Protein chains: 2
Amino acid sequence: MTPARMTRQRAAIIDAISDGDFRSAQAWHESLRGAGSAIGLATVYRTLQSLADDGDVDTVVSESGETLYRWCAAHTTHHHHLRCRSCGTAEEIDLPSFEQWSRAIASARGYTEIEHTVELTGLCHACSTELDH
Amino acid sequence: MTPARMTRQRAAIIDAISDGDFRSAQAWHESLRGAGSAIGLATVYRTLQSLADDGDVDTVVSESGETLYRWCAAHTTHHHHLRCRSCGTAEEIDLPSFEQWSRAIASARGYTEIEHTVELTGLCHACSTELDH
DNA sequence: TTGCTACTGATAATCATTGTCAATAAGGTT
DNA sequence: AACCTTATTGACAATGATTATCAGTAGCAA
Ligand SMILES: [Mn+2]
Ligand SMILES: [Mn+2]
Ligand SMILES: [Zn+2]
Ligand SMILES: [Zn+2]
């Protein structure tokens, strides 16, 4: 309800994740510690979740089950991601036809309260050539 | 490599999950215990994973992060699911246009080794009317 | 400046899943 | 049918990401 307080820690997190990759809470915590911040791990978890609730941060679940976070650039509309499994780089994509199609097929089968998850992953160009030798 | 041994426990699991719902390993374990089987939890985990590796069982990750398992009816082709978040019932669906489209957009942006996850969830007709009053 | 209270962080707790390892039993072989 | 090899089992401990505690701290509105 009340807007979140802009604490030193919250500012540091927002600053850190502005670089565009998807990383785990623990990985962001390590970056912040490496950059000299004495921020606590629990605070990183709490703040990332708070930002995600506000739509300022995107979340995705990795292959190993960890939640990954990244700054959201496309605030306005519902969208999905094409993410590199190796370096975490991601691009935002939208799937207008899929959105409509999924709602249609689900309600045709009697389902309500329809939701969907769509994530594309791969190896980005840089990682593809690097891992290729 | 060698085919899996058809143990009493494996047979009991296959029998139990033939009823079509998506449930967690722990939930399947409870069903089995309730039905009189003295099977161990670790065995349920291992066997479900083994069956999933063989393509006999489908897996999906729930909202809370648990892995859900169900018997796979459509063995032959790659497919996805429309699942009820309330009772676990699911139907298998295929998305021929999506499969091709996702590969196209990802490779157009320089990505290789492309994979995707697509899951549709909702409330099935029965659960919709029940929760509605 | 003061006061209220949200926020922080060290730490313990949670909980799904996996690892350990001695005992067991598939199932192929005499 | 008795035998052997070894995959499988299950009680239990360990892992690891995430969440809960709670006393101390610091936004920020008045
Ligand atoms: Mn976004
Ligand atoms: Mn299936
Ligand atoms: Zn990459
Ligand atoms: Zn249902």
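Values in this document were obtained by computation on a predicted structure and should not be read as measured data. Note on naming: letters A, B, ... go to the chains in the order of the sequence lines (proteins, then strands), and numbering restarts at 1 for each one.
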**Message:** Is it the case that the side chains of B/His80 and B/His116 hold a donor-acceptor pair, with the cut-off being a distance below 3.5 Å and no angle test?
**Reply:** yes

**Message:** Would you say the rings of B/Phe98 and A/Phe98 are close, in the sense that their centroids are separated by under 6.0 Å?
**Reply:** yes

**Message:** Expected output is a numbered-order residue list: members of residues 4-14 of chain A with a heavy atom under 4.0 Å from any atom of DNA chain D. What is it?
**Reply:** A/Arg5, A/Met6

**Gap separating the SG atom of A/Cys84 from the CG atom of A/Leu123, nearest 0.5 angstrom** = 5.5 Å

**Item:** Span of DNA chain C, from the first to the last nucleotide whose atoms fall under 4.0 Å of chain B heavy atoms
**Value:** C/dA16 to C/dG27

**Request:** Only counting residues at least two apart or in another chain, list the ones meeting side-chain contact (heavy atoms from CB on, under 4.5 Å) with B/Glu30.
**Result:** none

**Message:** Among residues at least two apart in sequence or on other chains, which ones pass side-chain contact (heavy atoms from CB on, under 4.5 Å) with A/Thr117?
**Reply:** B/Glu119

**Request:** Can you see which heavy atom on B/Thr89 is nearest to which on A/Tyr111, and at what distance?
**Result:** O-OH, 3.9 Å

**Message:** Filter on salt bridge (Lys or Arg N to Asp or Glu O under 4.0 Å), then keep only pairs touching residues 94-104 of chain B, sequence neighbours left out; what's left?
**Reply:** none

**Prompt:** For A/Ala104, which residues count as a side-chain contact (heavy atoms from CB on, under 4.5 Å) partner, sequence neighbours excluded?
**Reply:** none

**Message:** At under 4.0 Å between heavy atoms, how does the protein contact nucleotides 12-23 of chain D? Give one character per nucleotide, 5' to 3', with B, S or -.
**Reply:** -----SBBBB--

**Prompt:** Within the side chain of B/Arg70, is there an N or O that forms a donor-acceptor pair under 3.5 Å with the backbone of B/Thr59?
**Reply:** no

**Test item: side-chain donor near acceptor, B/Thr112 and A/Ser128, under 3.5 Å** = yes

**Test salt bridge (charged side-chain N to carboxylate O under 4.0 Å, His left out) applied to B/Arg46 - qualifying residues, sequence neighbours left out** = none

**Asked** Which angle, rounded to 10°, do you find between the first-five-pair axis and the last-five-pair axis of the helix from C/dT1-D/dA30 to C/dT30-D/dA1?
**Response** 30°

**Message:** Going by the rule salt bridge (charged side-chain N to carboxylate O under 4.0 Å, His left out), which residues pair with B/Glu91 if we only count those two or more places apart in sequence or in a different chain?
**Reply:** A/Arg109

**Message:** Can you list, in residue-number order, the parts of residues 28-40 of chain A that come under 4.0 Å of DNA chain C, counting heavy atoms only?
**Reply:** A/Ala38, A/Ile39, A/Gly40

**Message:** Could you walk me through whether B/Tyr45 and B/His29 satisfy the ring pair (Phe, Tyr, Trp, His ring centres under 6.0 Å) test, starting with their C-alpha distance in whole Å, then the side-chain angles of each, then the deciding distance to 0.1 Å, before giving a yes or no?
**Reply:** CA-CA 9 Å; B/Tyr45 271 103; B/His29 181 239; 8.7 Å; no

**Asked** Under 3.5 Å, is there a donor-acceptor pair between the B/Ser50 and B/Arg10 side chains?
**Response** yes

**Request:** Apply side-chain contact (heavy atoms from CB on, under 4.5 Å) to B/Thr121 and list each qualifying residue two or more places apart in sequence or on a separate chain.
**Result:** A/Glu115, B/Glu63, B/Arg83, B/Arg85

